[in-house]
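Reviewing the structure listed below.
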Amino acid sequence: MTWTTADIPDLTGRLALVTGATSGIGYETACELLRHGADVLVAARNPEKAARAAETLTQQAGRAPTVLELDLADLASVEQAAAEVVKSYDRLDLLVNNAGVMAPPHRETVDGFELQLGTNHLGHFALTGRLLPLLVKGSRVVTVSSFMHKTVRGISESDLRRPSGNYRKWESYGKSKLANLLFMLELDRRARAAGADLLSVGAHPGYASTHLQAAGPELAGRARQAQLLAAATRLVAQSAAAGAWPSLYAATYPDLRPGSFVGPSFFEYRGTPKVVLPTRLAQDPELAARLWTWSVEATGVDPELTVPN
């Protein structure tokens, strides 16, 4: 049976947080969650852009989201945003770790980490860890990766602070997406070991037309290259709405097994969502455990899963 967004169940009374929800796949994910009754926190770095996105989401979905200021490249911002959520709510039913940067020139986060690994992985690791008190009551965590995780052969602690002279933008992007999957699967292992009622799953959009492709050239000051890349992407890629289907399936499908990874059905490139396989490296429990330890040391956040009374 082919899945469509019409198969998303009624989410009334459920609270979701979506990172990077001002455009692209995150925006489409938030929009469908709102349409199906969820209360949605739109987490974004730029307050003005977030306000504009919230306005259009309200118009399209018929329900207004709540804006949460969050900069995943700044661990202090992550701490502040998580504290605001913990203070304001007694539960979080769904966390979609969606935001990311792709193939920028060498940059560092506020805390001195390579930008892609620092934002795509460490920021989400710290956010999830700080939100765990709300996430162990039948909640679900969706971590968005990419088929680009298949392009790399490993990851080491030194990659977190890779110097500019040894930086390859696509390699670092692939490693950040590998880190997303290692984290997702390690969170699943730890949740099951602790007996916590938490479902950790992953998704990837295939090749979808979003602003992500042009963001790297824009950061490098190559406006013309960004325009050409954006135009080419629109010609061959599926829409951002279709790219959000795996995330939405992972977030809402009732019978999804723990640790599942969802991608497009047509060669993981486009189409309706289905469960797909990560690489063998992404499923390596020893590497995942080491990455968890490196991430704790890097962020100062030590996620502890407990079973609520």
Side-chain angles (χ1 to χ4, degrees), residues 72-73 75 97-109 111-129 141-193 200-207 212-213 215-216 246 250 258-263 267-269 275-303:
L72 288 164
L75 292 174
N97 289 325
N98 165 82
V101 292
M102 184 175 75
H106 185 268
R107 297 284 190 278
E108 292 182 353
T109 68
D111 305 283
F113 300 105
E114 189 276 312
L115 182 63
Q116 296 188 87
L117 275 159
T119 301
N120 300 354
H121 168 61
L122 290 177
H124 282 125
F125 177 91
L127 178 67
T128 305
V141 178
V142 179
T143 301
V144 179
S145 182
S146 164
F147 53 55
M148 287 293 290
H149 85 278
K150 299 179 179 182
T151 65
V152 294
R153 298 182 179 180
I155 187 171
S156 66
E157 187 174 12
S158 62
D159 290 319
L160 301 177
R161 295 185 183 272
R162 173 160 293 195
S164 58
N166 195 26
Y167 174 72
R168 298 179 181 87
K169 61 183 180 181
W170 287 109
E171 180 184 42
S172 290
Y173 179 70
K175 290 187 176 188
S176 75
K177 296 290 101 179
L178 172 63
N180 287 151
L181 276 175
L182 289 165
F183 165 63
M184 180 276 285
L185 290 165
E186 183 66 10
L187 179 62
D188 168 59
R189 294 184 192 98
R190 290 173 180 251
R192 287 188 285 112
S200 175
V201 292
H204 82 80
Y207 190 24
L212 191 62
Q213 289 88 1
S260 293
F261 184 40
V262 182
F267 296 99
E268 296 189 43
Y269 174 77
V275 174
V276 298
L277 285 177
T279 61
R280 183 176 299 178
L281 183 64
Q283 299 176 69
D284 183 342
E286 294 183 1
L287 180 58
R290 291 199 299 273
L291 177 65
W292 189 282
T293 298
W294 301 335
S295 302
V296 169
E297 293 172 352
T299 64
V301 177
D302 190 358

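- For the pair His149 (side chain) and Thr279 (backbone), a donor-acceptor distance under 3.5 Å is present.
- Residues Thr151 and Trp170 have side chains not in contact (no heavy-atom distance under 4.5 Å, counting atoms from C-beta outward).
- A salt bridge does not link Asp284 to Arg280: none of the charged side-chain nitrogens sits closer than 4.0 Å to a carboxylate oxygen.
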**OP:** Could you give me the CA-CA distance, side-chain angles and deciding distance for Phe113 and Leu75, then say whether side-chain contact (heavy atoms from CB on, under 4.5 Å) is met?
**Re:** CA-CA 11 Å; Phe113 300 105; Leu75 292 174; 4.2 Å; yes
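- Ring geometry for His204 against Phe261 counts as tilted: the plane angle lies between 30° and 60°, on a 0 to 90° scale.
- Separation of atoms CE (Met102) and CG (Leu115) is listed at 13.0 Å; rounding is to 0.5 Å.
- Listed for the Gln283 side chain is a donor-acceptor partner under 3.5 Å among the backbone atoms of Pro278.
- The two residues Pro246 and Pro205 have their closest heavy-atom pair at CG-CA, 4.4 Å.
- At least one donor-acceptor pair under 3.5 Å links the side chain of Gln116 to the backbone N or O of Lys169.
- Nearest heavy atoms, Thr109 versus Gly118: CG2-CA, 3.8 Å.
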**OP:** Report the C-alpha distance between Arg168 and Asn166 in whole Å, list the side-chain angles of each, state the deciding distance to 0.1 Å, and finish with yes or no for side-chain contact (heavy atoms from CB on, under 4.5 Å).
**Re:** CA-CA 7 Å; Arg168 298 179 181 87; Asn166 195 26; 3.9 Å; yes
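- If you take CD on Glu186 and CG on Leu287, they are separated by 10.0 Å, rounding to the nearest 0.5 Å.
- Taken from CE in Met148 to NZ in Lys175, the straight-line distance is 12.5 Å, to the nearest 0.5 Å.
- Cation-pi contact between Arg189 and Trp292: absent, since separation from the ring centre below 6.0 Å together with deviation from the ring axis within 45° is not met.
- Of the inter-residue distances, the one linking Glu108 atom CD with Glu114 atom CD reads 9.0 Å to the nearest 0.5 angstrom.
- Atom CG of residue Leu178 and atom CG of residue Leu281 lie 5.0 Å apart, to the nearest 0.5 angstrom.
- At least one side-chain heavy atom of Thr128 sits less than 4.5 Å from a side-chain heavy atom of Phe183.
- Nearest heavy atoms, Leu185 versus Gly259: CD2-O, 3.5 Å.
- Distance CG/Leu291 to CD/Glu157: 9.5 Å, rounded to 0.5 Å.
- Side-chain atoms of Val201 and Val262, non-hydrogen and from C-beta on, never get closer than 4.5 Å to each other.
- Judged by distance alone, with hydrogens and angles left aside, the side-chain atoms of Ser145 form a donor-acceptor pair with the main-chain N or O of Lys177 at under 3.5 Å.
- The aromatic rings of Phe125 and His121 are tilted relative to each other, their planes meeting at an angle between 30° and 60°.
- A donor-acceptor pair is defined here as one N or O able to donate and one able to accept, closer than 3.5 Å; no such pair exists between the side chain of Asn120 and the backbone of Asn180.
- Residues Ser200 and Asp188 come closest through the heavy atom pair CB-N, 3.7 Å.
- Residue Ser176 comes nearest to Leu117 through the heavy atom pair CA-CD2, 3.5 Å, listed as atom of the first residue, atom of the second, then distance.
- The closest side-chain heavy-atom distance from Thr143 to Leu181 is not below 4.5 Å.
- A side-chain donor-acceptor contact under 3.5 Å links His106 to the backbone of Arg162.
- The shortest non-hydrogen separation linking Pro303 to Val301 is CD-O, 3.3 Å.
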